[in-house]
Amino acid sequence: MSNNIDLLIKNGKIATASDFYQADIAIKNGVISQIGVIDSQAKKIIDAEKNIITPGGVDGHCHLDQPTDDNSVFADDFESGSKSAAFGGTTTIIPFALQPKGGSIKVAIDEYHRKADGKSYVDYAFHMILTDPSDEILKNELPDLIRNGYSHFKIYMTYESLKLNDMEILKVLSFARDNGAMTMIHAENDDCITMLTKLLLESGKIKPKYHAVSRPIIMEDEATYSAISMSELIDVPILIVHVSSERAMIQIQKAQSKGLNVYAETCPQYLFLTANDLDSEDFEGSKYICSPPPRTVRDQEKIWLGLKTGVFQVFSSDHAPFRFEGNRGKQIGGSETKFCSVPNGVPGIETRMPLLMSKGVFEERIDIQKFVSITSTNPSKIYGLYPRKGTIAPGSDADIVIWNTKNKFNLSNSMLHHNVDYTPYEGLELNAWPQTVISRGELIVESGNLVTETPQGIFLKSDLPEPAKTINKKSLLDRLEKNTFEK
Ligand code: DUC
Ligand code: ZN
Ligand code: ZN
């Protein structure tokens, strides 16, 4: 019997989306084979010393090695980004294959595979970004892609090179309904942002803080309601990404209480940053420029509540890494770059889970089951990776994090493994950090050191997302005739 178990983790306190209990975990061939009191021999035994054990994180929203249209460069490729993810306890990442306007999404996916192949320390799936939902793409490319492992995509209501108009959004939502795909929506009203940006620039207001002024809450609120209304009309699940404000959250809450299939994501930047962080005399405020922008302390508190009460199903990093120094990142136009030309995004792939464990679980804003569900189980279900990923159960991949929660420390960028020269959370006091990280039964991080020689992450084909399975079969015409919407 001695060789039956490859790795045995003894004395851990296992957290899942529903439970928290003490048990041992046996791993064989990269998969969890048994959970309970296990006294068998194993090739390797780790004593978890009553530390918390969670499933490896699933980061359902991060940007790595993505093309840009302004000569800026995403600081992390699959190698540095996935290494950083691993150190932060994330064992599955889902970055984006971007369809260029007028281009093929299939070609974009092939190209993205070339960027990822052999370079990722953790497993990965791909979202698509649809920028041009032409009939050709919707008929001849996407249906096969959806059935062959790429079942979710993001669409944008803002950014000149990415945005779709309402007709295109309706077309994409109808397609998603017919094909069982999940649509993620970036909800901000682009015309409003363009108009306010022009007004600010004409008045000479170019500093980083005006980024937040140009993208007000009211227009996130309006776009969120618009996206929800279109999904209600088409009758298809959607997921609103990176929700930053109480007002947008209330739109989502209302939709959910009407029984609509509206899912939502928020991110660390909306819990730990505010618009004040963008307000500096020098250019430092550009480090916090992301869209939607960070808001107010009140919004932060409401977003915490939305995590606790279940308005948000997913907590992602939206890791969009740009360096502060140099001319390919935040200072792409020098140290006086206008707010509207600063590359959007903050890094956070490594800090996502430790921040939430420290400030969420240990400061009693959410319980540990909620932590597991929003960082791992739910994104896995919503993006078609469950039960292979996102839980600790017999038959699931042995993606496991053993946490060290015994010491307080101040976060510093020098601890991190991304290729970015700052963290927005510098100096924050934390008490939780992954001590041991295991991917498909292999140790990748042990006592703060990378212990795998080469990147072993593999591509994961996504099944159809769980929410899409709830779609009813009544046609739009049928529902219009029965006046279903007058509720
Ligand atoms: N906003 C996005 O929509 N994507 C990347 C980064 C950001 O700030
Ligand atoms: Zn976005
Ligand atoms: Zn993003």
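In listed order, ligands and their atoms are each counted from 1.
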In ligand 1, which numbered atoms sit nearer than 4.0 Å to a non-hydrogen atom of [X]?
X: Gly345; value: 6 (C), 8 (O)
X: Tyr159; value: 1 (N), 2 (C), 3 (O), 7 (C)
X: Ala320; value: 5 (C), 6 (C)
X: His242; value: 3 (O)
X: Tyr156; value: 3 (O)

Would a line drawn from the ring center of His127 to the ring center of Tyr150 be shorter than 6.0 Å? no

Taking both backbone and side-chain atoms into account, decide whether Cys62 has an N/O/S atom under 2.8 Å from the Zn ion (ligand 3). no

Which protein heavy atom lies closest to atom 1 (N) of ligand 1, and at what distance to 0.1 Å? Ser291 O, 2.9 Å

The closest protein heavy-atom partner of atom 4 (N) of ligand 1 is His63 NE2, 3.6 Å

[X]: its N/O/S atom lying closest to the Zn ion (ligand 3) (atom name):
X: His63; result: NE2
X: His61; result: NE2
X: Asp318; result: OD1

How about [X] and [Y]: does a side-chain donor come under 3.5 Å of a side-chain acceptor?
X: Ser316; Y: Arg352; result: no
X: Asp282; Y: Ser280; result: yes
X: Asp59; Y: Thr90; result: no
X: Glu222; Y: Asn189; result: yes
X: Asp221; Y: Gln251; result: yes
X: Glu188; Y: His186; result: yes

Heavy-atom distances under 4.0 Å decide this one: backbone, side chain, both or neither, for Cys290 against ligand 1? both

Short version for Val346: what comes under 4.0 Å of ligand 1, heavy atoms counted, is neither

Angle subtended at the Zn ion (ligand 2) by His186 ND1 and Lys154 NZ, to the nearest 10 degrees, is 130°

Can you check whether His61 has an N/O within less than 3.5 Å of an N/O in ligand 1? no

Look at the aromatic rings of [X] and [Y] and report parallel, tilted or perpendicular, splitting at 30° and 60°.
X: Phe96; Y: His61; result: perpendicular
X: His63; Y: Phe74; result: parallel
X: His113; Y: Phe126; result: tilted

Close approach of Lys154 to ligand 1, heavy atoms, under 4.0 angstrom: yes

